Trainee: 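I have a structure here, written as C-alpha cells, and I will follow up with some questions on it.
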Amino acid sequence: MRRKVKNRNLVEADQKYESKEISKFINYVMWGGKKSIAESIVYGALEGAAAKSNVPVNDLFNKVLENVSPVMEIRARRIGGANYQVPREVRPERRVQLALRWIIDASRAKKGKPMNAKLEEELVLAFKSEGSAVKKKEETHRMAEANKAFAHFAW
C-alpha cells in the first residue's frame with residue numbers, strides 16, 4: 001500500500017479571481033516556465049467565455065469543472081495472468097486534475113486558431129455540457145459501466 005503524501009505542494013490562489021483551481025489551470029497551460037503568457041491565455045479565455053455565456057467567471061469555471069470532472073474511472077489490474085479493467089471511484093484532487101487536463105488537451109487538439117480562442121471555445125462548450133472534454137468524461141463513464149462486472153477486484 002502506498003504511503004500518504006506528507007508534503008503536498010499547495011498552489012496559491014491566483015491574483016485576479018482568488019481561485020486555487022484557476023491557478024492550477026494556469027500552471028497546466030504553462031509551457032517552458034512562461035507563466036505570464038499562460039496567465040494572459042487563461043484570463044483572456046475565461047473572460048471571453050464568461051461574456052459569451054453571460055455568467056461571472058468563477059461561476060463559469062466551477063460549472064465547467066463540474067461538467068468535465070469524472071466520477072468513475074477504470075484502472076488496469078493484473079490478476080492470475082489476466083488484465084482486468086477495474087472501475088474505481090475518482091478521488092476529488094484527481095477529479096479536478098483530470099478535468100483540467102482534458103480541457104487543455106481538447107483545446108490543444110484544435111488547429112488554426114490562437115490558444116486563447118481555442119480554450120475559450122472549449123470552455124463555452126464544456127459549460128453547455130458539450131465538446132471534446134465532456135465527451136471524454138462520458139466515454140470514461142461508459143467504460144467503467146461496461147466493466148462493472150470486475151468491480152469486485154478493486155483494491
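Predicted, not measured: the structure shown is a model, and the values here were computed from it.
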Trainee: Between Glu145 and Lys148, does any side-chain N to carboxylate O distance fall below 4.0 Å?
Mentor: yes
Trainee: Do Ile103 and Val57 belong to the same hydrophobic cluster, where Ile, Leu, Val, Met, Phe, Trp and Tyr are linked whenever their side-chain heavy atoms lie under 4.5 Å apart, directly or via other members?
Mentor: yes
Trainee: Hey, is Glu39 close enough to Lys16 for a salt bridge, meaning N to O under 4.0 Å?
Mentor: no
Trainee: What residue among Arg88, Arg142, Arg94 forms salt bridge (charged side-chain N to carboxylate O under 4.0 Å, His left out) with Glu73?
Mentor: Arg94
Trainee: Hey, any chance Trp102 and Met115 share a hydrophobic cluster, counting ILVMFWY side chains that come within less than 4.5 Å of each other, even indirectly?
Mentor: yes
Trainee: Indicate yes or no: at least one non-hydrogen side-chain atom of Ile22 is less than 4.5 angstrom from one of Asn58.
Mentor: yes
Trainee: Any donor-acceptor pair under 3.5 Å linking the side chain of His141 with the backbone of Val71?
Mentor: yes
Trainee: Identify the two heavy atoms, one from Ser107 and one from Glu122, that lie closest to each other, and give their separation to 0.1 Å.
Mentor: OG-CB, 3.4 Å
Trainee: Please answer whether the main-chain N or O of Val11 pairs with a side-chain N or O of Ser23 as donor and acceptor at a distance below 3.5 Å.
Mentor: no
Trainee: Closest heavy-atom contact between Ala144 and Met72?
Mentor: CB-CB, 3.9 Å
Trainee: First locate atom OG of Ser40, then atom NZ of Lys35, and finally report the distance between them rounded to the nearest 0.5 Å.
Mentor: 13.0 Å
Trainee: Taking side-chain contact (heavy atoms from CB on, under 4.5 Å) as the criterion, tell me which of Asn147, Ile79, Ile74 meets it with Tyr84.
Mentor: Ile79
Trainee: Any chance you could measure Ile26, atom CD1, to Ile37, atom CD1, to the nearest 0.5 Å?
Mentor: 13.0 Å
Trainee: At what distance, to the nearest 0.5 angstrom, does CZ of Phe127 lie from CG of Leu65?
Mentor: 12.5 Å
Trainee: Within the supplied structure, the quantity of interest is the number of heavy atoms (other residues, nucleotides, ligands) at a distance under 6.0 Å from Glu93 CD; does it exceed 12?
Mentor: yes
Trainee: Measuring from Arg91:CZ to Gln97:CD, what's the distance to the nearest 0.5 Å?
Mentor: 9.0 Å
Trainee: Specify the closest pair of heavy atoms between Ser19 and Asp14, including all atoms of both residues, with the distance to one decimal.
Mentor: N-OD1, 2.8 Å
Trainee: Would a hydrophobic clustering, with Ile, Leu, Val, Met, Phe, Trp and Tyr connected at side-chain separations under 4.5 Å, put Val96 with Leu123?
Mentor: yes
Trainee: Is there a side-chain contact between Arg77 and Asn83 in this structure, where contact means two heavy atoms from C-beta onward sitting under 4.5 Å apart?
Mentor: no
Trainee: Is it possible for you to say whether Val42 and Leu60 belong to one hydrophobic cluster, with membership spreading through side-chain heavy-atom contacts below 4.5 Å?
Mentor: yes
Trainee: Any Lys/Arg nitrogen of Glu130 or Lys135 sitting under 4.0 Å from an Asp/Glu carboxylate oxygen of the other?
Mentor: no
Trainee: So, for Leu125 and Lys110, which heavy atoms are closest and what is the spacing to 0.1 Å?
Mentor: CD1-NZ, 4.1 Å
Trainee: Tell me the closest heavy-atom pair linking Leu100 and Phe25, and the distance in Å.
Mentor: CD2-CD1, 3.5 Å
Trainee: Hey, does the Lys NZ or Arg CZ of Arg108 hover above the aromatic six-ring of Trp31, less than 6.0 Å from the centre and inside 45° of the axis?
Mentor: yes
Trainee: Might you work through the side chain to side chain donor-acceptor pair (under 3.5 Å) test for Asn67 and Lys137, ending with a clear yes or no?
Mentor: CA-CA 9 Å; Asn67 288 345; Lys137 170 195 169 184; over 6 Å; no
Trainee: Can you tell me how far the NZ atom of Lys34 sits from the CD1 atom of Ile41, to the nearest 0.5 Å?
Mentor: 11.5 Å
Trainee: Can you tell me how the ring of Tyr17 sits relative to the ring of Tyr43, calling it parallel under 30°, perpendicular over 60° and tilted otherwise?
Mentor: perpendicular
Trainee: Is it true that Val134 and Met143 fall in one hydrophobic cluster, defined by side-chain heavy atoms closer than 4.5 Å?
Mentor: no
Trainee: Do the non-hydrogen side-chain atoms of Lys128 and Val124 ever get within less than 4.5 Å of each other?
Mentor: yes
Trainee: For residues Lys111 and Lys118, report the shortest heavy-atom separation together with the two atoms involved.
Mentor: N-CD, 4.4 Å
